[in-house]
Amino acid sequence: MMMSWNWIEGQRSQRGRQNQTRGRRPFRGRYWRPPRNDRNWYDGPGTSFRMSDSQASTSSSSDSSGAPELPGFYFDSEKNRYFRLLPGSNNCNPLTRQKLRNMEREKERTRRLAEDENPTKKAPRPGLNAALVLQNRRLGLLRETSYCRRVHEGKISTMRRHKLNLRIGEDFRTLVADSNCEQVLTVNDMPHGGSKYGYMSFGRNNSSGSPSVEMCDHPYITERKVNCLCWATVTHPKSHVLLCMLGTAKNPGLLDLVPASLFSHNSPRRPSLRITLKISTTWSCAWSRHPSHDMLFSVGLSHKIILHQAVTGKKILIDVASDVLAQQFGVDIPLLYNGCRSGAIFGFDVRNPGQGRAVALRHQYPITSLQILQDENYLVAADMSGRINLWDIRAIKHVQEYKGHYNEHAYLPIHVREPEGLLLAVGQDCYTRIWSLRDSHLLRTIPSPHPAANDAIPSIVFSSGIGGRKGTPGLVMAVKKDLFYFPYNADEREQQEA
């Protein structure tokens with residue numbers, strides 16, 4: 001039997017509910033207090049506020065941090081409370097927004113570091129299964145280049161961190177390696193303000209299979225800061241090192257072409273070409289790889305470019321409207337590409353520098369690094385906004401953008417590995433990111449083993465064979481005084497410990 005609804009009784013119950021909400025609230029003790037679940041509870045003189053569970057759940061749906069942002073307060077998700085922030089960053093008020101951001105970043109780094117210690121077998125992209133890729137290759141559905149690229153992408157997720165036994169007294173600043181990663185140029189910051197530069201030799205340890213590393217026994221120490229350096233081919237590959245050092249208040253800048261044999265006592269001290277030039281502030285340098293201009297190098301200055309012939313000593317000075325922060329020579333085409341602080345990228349023919357610009361591209365922010373691909377119609381450029389673009393020089397437009405890189409004002413390089421189809425970069429947040437060069441997919445993000453800081457940005461080198469042609473492909477990372485490597489073989493550390 002259905003019950004009929006009494007309209008009068010319904011109105012009475014509705015008015016009763018309204019009186020309960022609009023009327024008096026029950027007393028609690030001597031003084032009236034609102035119910036605790038309906039208010040923000042005030043805990044004392046300017047210390048903190050705590051939100052109710054219902055409000056916290058509502059605010060978490062509207063904001064990723066779990067609560068709306070209030071001026072002068074920050075919300076601690078663990079304690080479910082608001083805490084007061086006072087202006088300034090002195091000892092009386094150590095809690096500032098910058099410190100809170102650093103704390104959150106450190107928590108995230110620690111979490112990612114723990115995940116890297118116990119990596120999963122999850123593929124870096126959907127459909128990248130090793131068994132499926134191998135089957136498609138055997139069936140002829142994949143070309144050899146595509147198969148190799150997908151194998152490398154799959155191996156990136158299996159790399160694990162290992163620490164190399166190397167004792168040094170100074171912090172690493174820069175690593176520059178050759179293609180086989182047998183010798184790596186190093187720059188270390190001295191405690192008194194200068195630099196120490198030399199090289200590391202990598203080899204293979206036959207007993208454990210892990211790479212062995214040795215520092216050169218005769219490094220050079222200078223009171224100037226080394227701003228940029230590169231390998232130079234004078235008599236043979238890696239025969240010389242081109243160094244550009246910043247000037248001081250008493251001494252001007254210096255450009256030094258040094259034989260690599262001077263870094264070791266065991267190498268024969270034969271007379272070799274050496275060039276030393278006093279020069280103004282240098283930002284970049286590059287050694288020509290063109291067969292017809294193999295003894296030519298370039299130096300990027302403030303509003304100037306110097307082309308210098310190493311044998312004849314002939315110099316050409318070119319005026320530029322901005323500081324030249326990045327340079328690279330072409331291999332097949334005799335062009336010198338330059339990236340400027342204004343964001344302009346231009347290239348000119350080294351055979352006739354005064355003829356004009358053959359290439360003209362533009363970013364909105366200062367260029368920090370340039371890399372030319374084997375197909376010299378394409379160029380990768382990075383700037384100080386964190387943008388990394390792959391440019392098609394013929395069409396004068398960028399065809400790929402590698403997202404995720406973080407940079408605000410630092411002078412950070414990028415690394416292109418075409419045999420593996422990878423692009424690597426270390427951001428100002430001290431994370432190492434690896435993308436697919438072909439389609440700009442982010443394959444992996446590696447946290448730094450040390451807390452993030454401006455003086456603790458890792459320097460990396462990637463090689464298809466660490467320690468030689470028979471070596472294991474992987475990544476070498478230098479942070480502070482520590483040296484790490486990330487090999488493809490995920491079980492190498494277990495074999496070494498066993």
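Quick note: residue numbers are just sequence positions, from 1.
Remark: Thr276 engages Leu254, Asp256, Arg274 in a side chain to side chain contact (heavy atoms under 4.5 Å, CB included) (not counting sequence neighbours). Applying the salt bridge (Lys or Arg N to Asp or Glu O under 4.0 Å) rule to Lys397 yields no partners; only residues at least two apart in sequence or on another chain are considered. The side chain to side chain contact (heavy atoms under 4.5 Å, CB included) search around Glu376 returns Val331, Asp332, Ile333, Ile372, not counting sequence neighbours. Residues passing the side chain to side chain contact (heavy atoms under 4.5 Å, CB included) test with Asp439, sequence neighbours excluded: Arg125, Ser436, His441. Under the side chain to side chain contact (heavy atoms under 4.5 Å, CB included) criterion, His303 pairs with Asp323, sequence neighbours left out. Annotation: salt bridge (Lys or Arg N to Asp or Glu O under 4.0 Å) contacts of Lys315 (sequence neighbours excluded): none.
Under a cutoff of 6.0 Å and an axis angle of 45°, Arg357 and Phe346 form a cation-pi pair.
Rounding to the nearest 0.5 Å places OH of Tyr337 at 9.0 Å from CG of Leu361. Note that CD1 of Ile460 is 9.5 Å distant from CG of Leu175, once rounded to the nearest 0.5 Å. For the atom pair CD1 of Ile279 and SG of Cys244, the computed distance is 7.0 Å after rounding to the nearest 0.5 Å. In this structure, the separation between CE on Met190 and CD1 on Ile221 is 4.5 Å, given to the nearest 0.5 Å.
Asn338 is not listed as a side-chain neighbour of Val320, based on a closest heavy-atom distance of 4.5 Å or more. Side-chain contact between Val426 and Ile457: present, with at least one pair of heavy atoms (C-beta onward) separated by less than 4.5 Å. Counting heavy atoms from C-beta outward, Leu242 and His240 have side chains that stay 4.5 Å or more apart. Between Asp429 and Arg105, every side-chain heavy-atom pair lies at or beyond the 4.5 Å cut-off. In this structure, the side chains of Thr432 and Phe462 stay at 4.5 Å or more apart for every pair of heavy atoms.
At most 12 heavy atoms of other shown residues, nucleotides or ligands fall within 6.0 angstrom of atom CZ in Arg387.
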